[in-house]
Amino acid sequence: MKNEYITPTSVLIRLSLNERIASSGEHAAGPIRPAFDRVEGAVQLSETDGEANRNRLNALLAGGDVRLAPGEYPVAPGVVIDGRTLDLGGARLISTVQRFNGTLIVMAGDHPRLRNGRLSGLYAAAPGEEGYVKYEAESAVRLPAGGFTGAVIEDVEMDHFCGYAVCTGGEGQVHDTYAVRHFSLAEAPGDGVCRFGLVTGMPFVTARHAVGYNYYISRSPVVYVFRDAGGKVVGRAEGVPGEPVARPSDAVSVDVTVDMPSYVRFGLFEYAYDATLRIEGCVFRCNQRLGIANLCGVSEVIGCRSISNGYPREDHTGISWDSSTSGFVDIEDIQTPRLTVYRCSSEGENLGIASRAYELIVKDSPKLTTRIYGGWTASVTDSGSVVYDNAKAAMQVTVGTNGTLDDKAILDTSDESDEDMGARPVVPDGGAVFRRCRYGDKTIHLWYGKKPQGVFEDCDFDLQTDWLLSHGKPDYVFRRCRIRLNGHHLIDQKVFDSGVFTFEDCEIDQPEGIAAGCAVKIVIR
């Protein structure tokens with residue numbers, strides 16, 4: 001394709017869930033089931049030899065799709081589904097190893113499918129109990145980053161693995177040819193354009209953050225301009241960070257235009273596949289850490305239940321939580337471009353969804369708490385509560401019917417103009433504007449590296465604790481705000497060298513108590 005914009009494959013995949021919901025009258029009764037090809041013949045595995053079962057499954061899957069006969073079979077970690085279907089046929093596969101580095105099943109290649117059965121690990125002891133060891137390197141299913149397309153996991157229960165049920169990554173038994181190629185770590189230059197040489201010939205590329213927790217957040221998409229060996233432009237594409245875009249076959253380099261803070265480091269990744277995934281009708285039960293972790297592409301999670309992940313038993317009365325993140329979905333170490341969660345639930349867990357997904361959609365999930373750590377947009381409709389955790393929470397948040405927010409910030413989303421940053425749930429920085437926000441019993445932390453400047457308009461402060469912890473030289477303006485300190489302080493930190501807090505047409509119950517111990521100027525008009 002010459003001199004044209006290339007539509008990312010993931011955009012087409014992303015439309016599929018909404019299209020299915022719109023076209024089906026049955027979605028309210030349960031998950032929508034795809035039609036799977038029938039796999040003739042059922043395979044009976046050994047009831048005692050896990051290594052033999054792994055080797056046999058790999059040999060059979062190398063030749064085609066496989067369906068198992070019902071039963072309980074031990075299996076050594078390392079089964080590879082490479083563009084095939086493994087129909088468990090109602091069988092239960094039980095790992096032969098506890099706390100292993102890798103995964104029971106690898107899914108890779110073109111449209112790999114896993115369905116209809118159960119995968120079990122050996123996690124048995126809870127925090128505080130004898131034999132408990134925190135371990136995160138083990139999973140039931142792993143998908144190599146950029147090493148799969150159109151993957152489907154359907155009607156599978158995954159329980160008692162020491163780490164995760166489903167995650168992406170390249171460790172363990174994942175073959176090198178599936179792994180993402182990562183190179184040319186770069187910092188964004190002054191003009192926002194970086195040139196990368198393409199070295200693998202893989203058909204997809206993506207730029208995303210590469211180090212730490214500083215994610216790319218911007219209204220502007222990533223723009224890719226591909227060039228051939230003579231420097232001629234042979235294609236253009238746009239995508240959000242981490243979203244794979246197609247590479248023209250004759251491209252040998254790409255100019256990547258980004259608009260990101262200077263402290264975000266990023267790299268170019270070359271992918272063999274576009275990393276699209278659907279998980280449907282699954283149950284994640286009693287895994288030590290999480291049901292789903294760090295998905296790398298455009299993913300849908302539909303009609304799934306997450307139960308007591310973090311504990312070895314559903315009845316965990318009297319047992320203390322581990323300090324680790326435990327629950328349903330955690331998007332943290334890998335920047336997920338787009339994630340949709342529909343008709344899902346979290347029960348007996350300290351975490352529903354923890355998200356840094358660039359675009360997050362949560363629908364029809366009343367038993368699901370969503371904690372937003374970062375990203376660009378988040379839409380939560382007919383679902384449970386929404387919690388904002390820090391100063392890098394999503395830029396634009398929409399909460400629909402029956403959704404409730406924690407009292408850090410209750411947001412009015414009627415004004416969606418570019419100038420309105422009121423949907424950011426924490427202290428604005430760099431001149432952002434908050435409109436119609438509410439603050440209550442949470443202390444707000446403005447992190448290092450942020451520019452503490454901004455405006456609050458028509459906001460409601462009903463403080464149950466001291467409000468602001470910050471660093472730097474703050475300059476905040478409050479307009480038409482209602483500020484009830486209730487004996488607390490809006491600013492009660494000794495970390496400011498100087499600064500100005502201006503209050504215009506505000507109602508303040510205790511003006512003399514706004515600040516304590518701070519070298520800031522208070523102006524009330």
Side-chain angles (χ1 to χ4, degrees), residues 6-14 142-151 166-170 178-188 192 194 196 198 200 202-224 237-247 254 256-261 263-278 292-301 329-341 353-361 372-378 392 394-396:
I6 305 165
T7 300
T9 305
S10 54
V11 172
L12 304 178
I13 299 296
R14 183 164 54 95
R142 182 166 290 166
L143 300 99
F148 61 94
T149 187
V166 178
C167 68
T168 56
Y178 302 138
V180 61
R181 306 295 180 178
H182 169 221
F183 64 99
S184 300
L185 184 65
E187 294 196 34
C194 287
F196 297 95
L198 299 173
T200 68
M202 290 186 178
F204 295 94
V205 301
T206 184
R208 61 174 174 83
H209 92 290
V211 175
Y213 293 105
N214 290 323
Y215 281 59
Y216 175 103
I217 300 176
S218 172
R219 291 181 177 85
S220 303
V222 183
V223 178
Y224 305 84
E238 291 187 1
V240 305
E243 180 177 28
V245 300
R247 162 192 172 270
V254 58
V256 180
T257 302
V258 295
D259 174 18
M260 68 172 69
Y263 57 81
V264 177
R265 302 190 73 196
F266 77 103
L268 188 75
F269 293 70
E270 295 187 53
Y271 282 175
Y273 298 93
D274 68 2
T276 49
L277 168 66
R278 176 161 50 87
I292 301 171
N294 294 327
L295 303 178
C296 67
V298 176
S299 303
E300 299 172 351
V301 182
V329 179
D330 183 31
I331 303 300
E332 185 173 1
D333 299 308
I334 294 178
Q335 187 167 25
T336 297
R338 306 182 196 273
L339 172 65
T340 296
V341 179
I353 297 176
S355 172
R356 286 188 178 90
Y358 193 86
E359 177 186 272
L360 173 69
I361 299 172
I372 301 173
Y373 286 84
W376 177 246
T377 65
K392 295 195 293 185
M395 294 285 190
Q396 297 178 357

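These figures come from a predicted structure and were not determined experimentally. Each residue takes its place number in the sequence, starting with 1.
- Phe204 and Pro244 make their closest contact through CB-CB, 4.0 Å (heavy atoms, listed as atom of the first residue, atom of the second, distance).
- Between Val205 and Tyr224 there is a side-chain heavy-atom pair separated by less than 4.5 Å.
- Proximity of Glu238 to Val222: side-chain heavy atoms (C-beta onward) are nowhere separated by under 4.5 Å.
- When all heavy atoms of Gly146 and Tyr271 are compared, the closest pair comes out as CA-CG, 3.4 Å.
- Put simply, the side chain of Ile361 does not reach to within 4.5 Å of the side chain of Val341, judged on heavy atoms.
- Side-chain contact between Cys296 and Phe269: absent, with no pair of heavy atoms (C-beta onward) separated by less than 4.5 Å.
- Here the closest non-hydrogen pair linking Gly297 and Pro337 is O-CD, 3.3 Å.
- Taking CD1 of Ile372 as the reference point, atom OG of Ser355 lies at 7.0 Å (rounded to 0.5 Å).
- Among Leu295, Asn294, Leu339, the single residue meeting the side chain to side chain contact (heavy atoms under 4.5 Å, CB included) criterion with Val329 is Leu339.
- Looking at Arg338 and Val240, their side chains come closer than 4.5 Å, going by heavy atoms from C-beta outward.
- Distance alone, capped at 3.5 Å, places no donor-acceptor pair between the Thr149 side chain and the Thr276 backbone.
- Here the closest non-hydrogen pair linking Ala207 and Leu268 is N-CD1, 4.3 Å.
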Could you go through the side-chain contact (heavy atoms from CB on, under 4.5 Å) check for Leu277 and Phe148 one step at a time? CA-CA 8 Å; Leu277 168 66; Phe148 61 94; 3.9 Å; yes
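- Counting only distance, with no hydrogens or angles, the side chain of Thr206 and the backbone of Glu243 share a donor-acceptor pair below 3.5 Å.
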Evaluate the side-chain contact (heavy atoms from CB on, under 4.5 Å) criterion for residues Thr340 and Val298: first the C-alpha distance (whole Å), next the side-chain angles of each, then the deciding distance (0.1 Å), finally the verdict. CA-CA 8 Å; Thr340 296; Val298 176; over 6 Å; no
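- Contact of the Val223 side chain with the Val256 side chain is not registered, since no non-hydrogen atoms from C-beta on lie closer than 4.5 Å.
- Residues Ile331 and Ile353 are not in side-chain contact: their nearest non-hydrogen atoms beyond the backbone lie 4.5 Å or more apart.
- Arg247 places a side-chain heavy atom less than 4.5 Å from the side chain of Leu198.
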